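These numbers come from the heavy atoms of this one structure, side chains and all, not from hydrogens, waters or symmetry mates. As the structure is a prediction and not an experimental result, all values here were calculated from the model.
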Amino acid sequence: MKRLLLSLCLFVFISTYSKAQSLHTIKGRTIDTASTTLLSGTSIAVLNAKDSTLVKFTRAAENGSFELSGIKNGKFILLVSYPKYADFVDHFTLDSTTQVKDYGKINLTGMAKILADVIIKGNRTAIKIKGDTTEFDPKAYNIEPNSKVEDLIKQFPGFQVDKDGKITAQGKTVPKVLVDGEEFFGDDPTLVTKNLRADMVESVQLYDKASDQASFTGIDDGEKTKTLNIKLKEDKKNGYFGKVQGGYGTKDFYQGQGMFNKFWGKKKFSAYGILGNNGTVGLGWDDRDKYSGSSSLTMSDDGGMYFSSGGDDFDSYDGQYNGQGLPVARTGGLHFDNKWNKDKESLNTNYKIGSIRVQGDKNSINQNNLESGVQNNTSNESFDNDMFRQKLDVMYELKIDTTLTMKVNVDGALKKSNTSNHFVTSTSGDNDKFLNSSDRTLSNEVDDQSFNMNVLFTKKLKKTGRTLSLNLNQSINKSNSEGYLNSFNKRADTVGTGTIDSLTNQLKTNDITNSAFKLNAAYTEPLSKTLTVIINYGLSLMNGKSDRLSFNQSGSGRYDILDTLHSNNFELNQTINQAGAIFNYKKGKTVINFGSKFSGVNFKQDDIYRNKTYVRNFINYMPQATYQYRFSQQKSLRISYNGNTNQPSLDQLQPVRINNDPFNVVEGNQDLRPSFRSNINASYNAYKVLTNQSVWLSGSYSFTANPIISDVTTNSVGKSTYRYINYNDKMQTNFYLYGQISRKINTLGEINIGLNANANGSSSYNFITTDLGRTLNNTKNYTYNGGINISKYKDKSYSFYTRFGPSYNMARASIGRNSDGWGWTGYASGNVQLPGKFEISTDAEYQYNGKTQVLAESFERLIWNASVSKKFFKAENLRFSATVNDILNQNIGFNRSANNTTISQSSYTTIRRYLMFSVSWDFSKMGGGIKTQK
């Protein structure tokens, strides 16, 4: 018995001793580096190094001392924080060899001292997540002298910037960049990112910008635009800065750019100019999407329809350069904004003027795989398109009192274009049997005018949360064009013994006008402390006129014989009433929106030439719901649902009769019914401050009930007739998935590493009728991508960034053959700073498309660019450079796609290898430091 008691006592003693040995104490004192003042109340936190979870926490005593005990073995992070002082961060390990870890004096440096002349190396809160907004702190990233905002955002996790300046964030394109929350030249983000200096930036915010009315009410209305907001430092808002750059190279390539900015107080003035033929065009105007495009009629969100000047090959050029052809661009602009009267009044105005001419050739091969056989089509196109545009927009805001605000937006644009396109096409069947051919020339001159005015009144009522807003909008758009169609067509006859020729030589004129008046009123009422409702009513009065005339040539040589078969004169009148209610629930970390809008459309179209009237009345409904939960300041989850009724367009109900392409004809179907599309979105964002780890996950899934699908009849000589029908036995689906995780790896020399994966796909249906009968075709297109990105930025030494990964594309049709294939993409860029202020920079883009079941040849190219530059002066603001574009001369224009039963591949003229010498000068004179108040 004594032995048993002795053994138990010995076991308890050993266990207690071991436990005591495995527990540790951390202590120290916090003082001000400059004044040696003891800092009482300093926040002391010990966190797990693995996941940044809190282990122990305390505050320093009056004498600045602190002590934390009872800490087990492991790897930890000590975080010491005090207001207006830089954080102290240290990684440490506790094991059996150390019982007490004494830091002694921990010197903290005031932020004022840091701003003056001290650079602190250490962890910062690089990212903050505030609801739907992700905020980046530039001080946590590398900023070289004279570097631009573009160089800064390339370092943000989840961001990509291509060679043209296009920004992709968290898998989605960013079309809008603001400066201090204000428009800066409107719709060309590169004017901000390529010209504003990175050292001027206080913070960068990424969010989905809501409409002005939704921003006021605080309740989501479904209108979102992915937006970057560049917030400037206060001490960088006085003075001027700018950049001048020019260069000339082999093959007569040239470029010139200049920008001047003057900021004083709350005023900003900017002017820029760009000219060149090397692909630098500076034309990102988004107004090309308003009431224009590739279809003859567009539809607004509330169900209203507009005539457009497109619909055929005559006016398909929108003035954008997409890498196809050789461009010559000249553009410029002015910007001014100001706030005055104690910020009660503000003005923001932009004027842009520019021209672009693009010339080139394009060759395409299309393979249509039908049950009746394969039809191969070749197309050779030459084009010469020229466009001149100018646009003016003005925003004025007046805060009438603390509760009432008026905001007025006015913009107008003039556009003149001249286009010339020549098409030579040929279609053959099995055994290279001739089916048809066409030789077409189209030339056109277009004059477009647009005017838009929007007035928004917002009023806060006496009860907190009760508001009233009224939005009024008037728009007028006109388009006049005159063009010529010369077409010589051949087709095999039905018995296969010969060919039938047809010749078209016509003058075509278009006169199109659209006008719309819209009113939208929104009233918010708080039902409780957590629940608010917004009631919405809208009225739209819209009308349009489309007069399209075709004239044949008479014996006198004049085009004065009206072709009534291919001439149209339509008048369109619509009245739309919209109403809805959206509920908003906010409590703690949870936000929920749910509700719906309904719109009733009264539609009337008159066919003047044929004395027919088409009337259609329909109702659209748009349910929506959103759930958002903020786990913490750095972590959030969002799930949303949106549904909307899709009405058939006029192109589907009653298409405009055109004869530009006799082998592709569209017929109308007035019995079409609406479809309904449901869309589910989800996103999850998380960021760990001390480990600099970020996670971005997002996805969407949509399905369309009773979809409107095409019913295509292709005859034995290759002529296709398109008709649209409803198909309610199957649903069309689309999905999108994106994920990225990135982290700084300190053990590898502070290298940033990120892994990403994304997938998207669609499943759609159409009927195909051939000589063998009518068959339902199911087309599936899926794309899977994955990759890794690695980057490092070492101050005044070197930097590099690379991303690469595989892709797998699936293009499958139940009729015909599959076209699945592997691919690889990669991108790398870097620079090295050498003695004597020399610098070497390079970038390369790799693309590989593998063989498929249909395409027997793979495609591979590596576009490699490099430059050597020399910087001058202490500020390093004068630079001479020699750049080689496309060193390997592999920039072959190439595109491959699959649509229904057709596999397409095209090559086109593009900019290839050249050498350019250039000089650039950055100049600035900014105001003094931050003023402090006693």
Side-chain angles (χ1 to χ4, degrees), residues 171-172 364-377 643 646 652 675-682 698-714 720 722-739 757-770 772-787 805-825 847-859 894-906:
K172 296 184 178 180
S364 302
I365 301 174
N366 303 291
Q367 186 179 92
N368 193 4
N369 301 285
L370 304 172
E371 285 188 328
S372 58
V374 176
Q375 294 184 355
N376 295 297
N377 175 270
N646 291 318
Q652 298 166 337
S675 61
F676 187 84
R677 182 175 182 268
S678 296
N679 188 60
I680 301 170
N681 291 276
S698 63
S700 67
Y701 178 76
S702 66
F703 52 93
T704 303
N706 194 36
I708 299 173
I709 67 173
S710 62
D711 187 355
V712 185
T713 300
T714 302
S720 295
Y722 299 83
R723 186 173 180 267
Y724 294 91
I725 63 171
N726 290 102
Y727 185 67
N728 53 18
D729 292 339
K730 301 283 187 179
M731 288 193 298
Q732 294 188 155
T733 59
N734 294 270
F735 75 89
Y736 169 81
L737 296 170
Y738 173 81
N758 66 76
N760 62 81
S762 64
S763 176
S764 59
Y765 295 86
N766 71 310
F767 280 99
I768 296 177
T769 302
T770 64
L772 298 181
R774 187 168 183 257
T775 308
L776 177 66
N777 174 55
N778 178 209
T779 301
K780 296 181 179 180
N781 288 292
Y782 302 126
T783 301
Y784 304 93
N785 297 285
S807 64
Y808 187 70
N809 299 300
M810 299 172 58
R812 300 184 173 184
S814 57
I815 299 176
R817 303 163 63 187
N818 297 335
S819 185
D820 302 347
W822 284 95
W824 281 88
T825 59
Q847 177 184 354
Y848 171 78
N849 296 95
K851 300 177 181 178
T852 70
Q853 296 91 326
V854 176
L855 300 169
E857 295 183 359
S858 61
F859 176 81
F894 174 81
N895 185 46
R896 180 184 291 177
S897 63
N899 181 30
N900 294 330
T901 59
T902 302
I903 307 296
S904 303
Q905 182 170 296
S906 61

Q: Return the set of residues passing salt bridge (Lys or Arg N to Asp or Glu O under 4.0 Å) with Arg812 (not counting sequence neighbours), or none when no residue passes.
A: Asp820

Q: Could you name each residue pair satisfying salt bridge (charged side-chain N to carboxylate O under 4.0 Å, His left out) that touches residues 774-785, not counting sequence neighbours?
A: Asp711-Arg774

Q: Grab the two heavy atoms, one from Leu776 and one from Ser814, that are nearest each other, plus how far apart they are.
A: O-OG, 3.6 Å

Q) Between atom OH of Tyr784 and atom CG of Asn809, what is the distance when rounded to the nearest 0.5 Å? A) 10.5 Å

Q. In chain order, what residues pass the side chain to side chain donor-acceptor pair (under 3.5 Å) check against Ser858, with sequence neighbours excluded?
A. none

**Q.** Phe676: ring pair (Phe, Tyr, Trp, His ring centres under 6.0 Å) partners, not counting sequence neighbours
**A.** Tyr621

Q: Sequence neighbours left out, what passes side chain to side chain donor-acceptor pair (under 3.5 Å) with Ser764? Give chain and number order.
A: none

Q) Residues in side-chain contact (heavy atoms from CB on, under 4.5 Å) with Asn734, at least two apart? A) Ser702, Ser762

(Q) Could you measure the distance from the CG atom of Asn368 to the OG1 atom of Thr902? Nearest 0.5 Å is fine. (A) 3.5 Å

Q: Look at the rings of Tyr736 and Tyr738 and say which category their plane angle falls in: under 30° parallel, 30 to 60° tilted, over 60° perpendicular.
A: parallel

Q. By side-chain contact (heavy atoms from CB on, under 4.5 Å), which residues pair with Ser819, not counting sequence neighbours?
A. Ala811, Thr852, Val854, Ile903

Q. Rounded to the nearest 0.5 Å, how far does CG of Leu737 lie from OG of Ser698?
A. 8.0 Å

Q) How close do Asn777 and Ile815 get, heavy atom to heavy atom, and via which atoms? A) OD1-N, 3.1 Å

(Q) Side chains of Thr714 and Ser720: any donor to acceptor distance under 3.5 Å? (A) yes

(Q) Evaluate Asn679 against Asn681 for side chain to side chain contact (heavy atoms under 4.5 Å, CB included), listing each step before the verdict. (A) CA-CA 7 Å; Asn679 188 60; Asn681 291 276; 2.5 Å; yes

Q. Among all residues two or more places apart in sequence or in another chain, which pass the side chain to side chain donor-acceptor pair (under 3.5 Å) test with Asn758?
A. Asn785

Q: I would like to know whether Phe735 and Tyr782 meet side chain to side chain contact (heavy atoms under 4.5 Å, CB included); could you show each step before the answer?
A: CA-CA 9 Å; Phe735 75 89; Tyr782 302 126; 3.6 Å; yes

Q) Taking it one step at a time, do Ile708 and Asn646 satisfy side chain to side chain contact (heavy atoms under 4.5 Å, CB included)? A) CA-CA 9 Å; Ile708 299 173; Asn646 291 318; over 6 Å; no

Q. If you take all heavy atoms of Trp822 and Pro806, which pair is closest and at what distance?
A. CZ3-CB, 4.5 Å

Q: Provide the closest heavy-atom pair for Pro707 versus Ser675 in the form atom of the first, atom of the second, distance.
A: CA-CB, 3.8 Å

Q | Those residues that, when tested against Ile365, pass side-chain contact (heavy atoms from CB on, under 4.5 Å) (two or more places apart) | A | none

Q) Which residues pass the side-chain contact (heavy atoms from CB on, under 4.5 Å) test with Thr733, sequence neighbours left out? A) Tyr701, Phe703, Ser763

Sequence neighbours excluded and cut-off under 3.5 Å, please list the side-chain donor-acceptor pairs for residues 723-731, or say none.
{"from": "Asn726", "atom 1": "OD1", "to": "Arg673", "atom 2": "N", "distance (Å)": "2.7"}
{"from": "Asn726", "atom 1": "ND2", "to": "Arg673", "atom 2": "O", "distance (Å)": "2.8"}
{"from": "Asn726", "atom 1": "ND2", "to": "Asn706", "atom 2": "O", "distance (Å)": "3.4"}

(Q) Testing the basics here: between Lys851 and Glu857, what is the closest heavy-atom pair and its distance to 0.1 Å? (A) CG-C, 4.0 Å

Q: Under the side chain to side chain contact (heavy atoms under 4.5 Å, CB included) rule, what do Phe894 and Gln847 come out as? Steps first, then yes or no, please.
A: CA-CA 10 Å; Phe894 174 81; Gln847 177 184 354; 4.2 Å; yes

**Q.** Test side chain to side chain donor-acceptor pair (under 3.5 Å) applied to Asn760 - qualifying residues, sequence neighbours left out
**A.** none

Q | Side chains of Gln375 and Asn377, donor plus acceptor under 3.5 Å | A | no

